[in-house]
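I have placed the structure first, in the form of structure tokens, so that the comments after it can refer back to it.
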Protein chains: 2
Amino acid sequence: MTTTAGGAARHNALSIGEVARQTGLSVHTLRWFEREGLYLRPIPRAGQRRVFDSADVAWLLLCNRLRASGMPIAEIRRFAALVQAGPGNEAERLALLEAHEQEVRKRVTMLMECLDIIHGKVDVYRRHLAAGTADRLWAPPFADVGADAARQPTP
Amino acid sequence: MTTTAGGAARHNALSIGEVARQTGLSVHTLRWFEREGLYLRPIPRAGQRRVFDSADVAWLLLCNRLRASGMPIAEIRRFAALVQAGPGNEAERLALLEAHEQEVRKRVTMLMECLDIIHGKVDVYRRHLAAGTADRLWAPPFADVGADAARQPTP
DNA sequence: GTAGGTTCTAGAGTCTGCTCTAGGTCAAGC
DNA sequence: GCTTGACCTAGAGCAGACTCTAGAACCTAC
């Protein structure tokens, strides 16, 4: 998983269908990735057909994580372009990854704030249902019945 | 914030612009919410103009949290419809909220897994940059130079 | 009374990230 | 020889969530 030289290479020829199976991405999506410039290299062909290898799969699995954690396609493309541009821009690649890491950390924090609030609501509903007072949680109709006793702050 | 009766009501008339300011949503979005059936009541009018109150604002703030935590508009609409349908479906509302809470918890877990992997990458880049060996992290060109020594597992 | 700001409706347009279609090539197995 | 299945390209279509446009009404202040 680290960066020692040597590893995966040409022997390891994989068809697009095989790569789809290994990555969980659809064949359509793998072709679309190419059009979008998301691979780390131009995918070679045998005749017309793409020939992937296990390094491509490893990159796609990383892509899955980056996308699942909310990195936009455009930023994955930028990273791929940096790698394609060759050595010398590693600081830039690091900056991009660090920025994303920070983004994700912020999002986790934000989600946990949301969870607090949502769980609070769940709790209120649970307690009112248990107590048999759930009908007091919110009471339409909204027709103006005169006074303003009907509406509660939040349901 | 809980569910005691009484509170916010008719006196509290707010224009759409005011609500936009208080919720951070755009005026456009507030109107779109109405078309999409996301409010807990039909928003009344003074002439043509919508008249909101602070309970609407409270609901919109909750909506912000639900959306920020990934609840699709369609599900917010379902919840709003349940509330509009009046008392008697509180168990359904609770189920909806509970399901969302579980979704969000799963997503937090998933994001933390992603963070692990991303931080691992960041770490590799940092260490290689510090050691001055960053150029070994990835080495194009990809032109077939004969042997397969060029490609590493993942950049 | 007129300029400026806010609001209205209905509907079109945008952006992201896929997903599918049409029409075709190619290799293997019966 | 023919069918089947995997693959190809180019491009259209789609879902979700907004976002904006056009054209008009209305209210307040000068």
Side-chain angles (χ1 to χ4, degrees), chain A residues 13-39 42-53 56-57 59-81 100 103-104 107 110 114, chain B residues 13-39 42-53 56-57 59-81 100 103-104 107 110 114:
Chain A
L14 301 170
S15 72
I16 196 168
E18 194 52 43
V19 174
R21 249 160 273 136
Q22 288 184 28
T23 59
L25 295 162
S26 77
V27 166
H28 285 309
T29 300
L30 291 172
R31 287 198 275 253
W32 178 74
F33 265 44
E34 189 182 56
R35 275 184 267 167
E36 294 292 308
L38 303 186
Y39 290 109
I43 302 299
R45 310 293 167 119
Q48 282 199 300
R49 304 187 171 200
R50 292 168 183 83
V51 182
F52 294 86
D53 68 23
D56 298 315
V57 170
W59 164 241
L60 287 168
L61 292 174
L62 177 59
C63 280
N64 277 348
R65 296 306 190 146
L66 294 175
R67 291 185 315 136
S69 57
M71 185 181 282
I73 293 296
E75 211 162 325
I76 298 182
R77 177 164 40 233
R78 256 192 65 216
F79 187 80
H100 182 58
E103 272 305 300
V104 180
R107 243 145 49 85
M110 185 267 282
C114 289
Chain B
L14 301 170
S15 72
I16 196 168
E18 194 52 45
V19 174
R21 250 158 273 137
Q22 288 184 28
T23 60
L25 295 162
S26 77
V27 166
H28 285 309
T29 300
L30 292 171
R31 286 197 276 252
W32 178 74
F33 264 44
E34 189 182 57
R35 274 184 269 168
E36 294 292 308
L38 304 185
Y39 290 110
I43 303 299
R45 310 292 167 120
Q48 281 198 303
R49 302 185 173 202
R50 292 167 183 83
V51 182
F52 294 86
D53 68 23
D56 298 314
V57 170
W59 163 241
L60 288 167
L61 292 174
L62 176 60
C63 279
N64 278 347
R65 297 304 192 149
L66 294 174
R67 291 185 316 134
S69 57
M71 184 181 281
I73 293 297
E75 210 162 327
I76 299 182
R77 175 163 42 232
R78 257 191 65 217
F79 187 80
H100 183 59
E103 273 304 301
V104 180
R107 244 147 46 86
M110 186 267 283
C114 289

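Since this is a predicted model, take the numbers as computed values, not measurements. These numbers come from the heavy atoms of this one structure, side chains and all, not from hydrogens, waters or symmetry mates.
Across all their heavy atoms, A:G17 and A:V27 have their closest contact at CA-CG2, 4.2 Å.
For the pair B:I76 CD1 and D:dA17 P, the computed distance is 8 Å after rounding to whole Å. In this structure, B:E75 atom CD and D:dG16 atom C1' are separated by 14 Å, rounded to whole Å. Rounded to an integer number of Å, the gap from CZ of B:R50 to P of C:dT6 is 16 Å. Atom pair A:W32:CH2 and D:dG13:P shows a separation of 19 Å (rounding to whole Å applied). Look at CD1 on B:I43: it is 15 Å from C1' on C:dT7, rounded to the nearest Å. Remark: P of C:dG17 and CG of A:L30 are 17 Å apart, rounded to the nearest angstrom. Distance CE (B:M71) to P (D:dC18): 14 Å, rounded to an integer number of Å. When rounded to the nearest whole Å, the span between CD of A:E36 and C1' of D:dA10 equals 14 Å.
Side chain of B:S15, nearest nucleotide from C:dT9, D:dC7, C:dT7: C:dT7. Each of C:dT19, D:dT9, D:dA17 was ranked by its minimum atom distance to the side chain of A:T29; first place goes to C:dT19. Between C:dC20, C:dT9, D:dC8, one nucleotide has an atom nearer to the side chain of A:I16 than all others, and that is D:dC8. Closest contact between the side chain of A:H28 and the listed nucleotides C:dC18, D:dT9, C:dC20 involves C:dC20.
Backbone-only contact: B:R67 has heavy atoms under 4.0 Å from sugar-phosphate atoms and none from a base. Contact annotation for B:R45: backbone-only contact, meaning every heavy-atom pair under 4.0 Å involves sugar-phosphate atoms and none involves a base. Counting non-hydrogen atoms under 4.0 angstrom, A:S26 reaches nothing in the nucleic acid.
Interface remark: the B:R49 side chain does form a donor-acceptor pair with the C:dT6 base, using a distance-only criterion of under 3.5 Å.
In this structure, the separation between CD1 on B:I43 and CG on B:D53 is 7.5 Å, given to the nearest 0.5 Å.
Between A:R50 and A:D56 the shortest side-chain heavy-atom distance does not fall below 4.5 Å.
No more than 12 heavy atoms of other residues, nucleotides or ligands lie within 6.0 Å of CZ in A:R78, so this atom counts as exposed by the packing criterion.
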- Query: For B:E34 and B:R31, what are the C-alpha separation, side-chain angles and deciding distance, and is it a salt bridge (charged side-chain N to carboxylate O under 4.0 Å, His left out)?
  - Reply: CA-CA 5 Å; B:E34 189 182 57; B:R31 286 197 276 252; over 6 Å; no
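Remark on DNA chain C: of its neighbouring residues B:R35 and B:R31, the 5'-side contact belongs to B:R31, judged by nearest-heavy-atom nucleotide.
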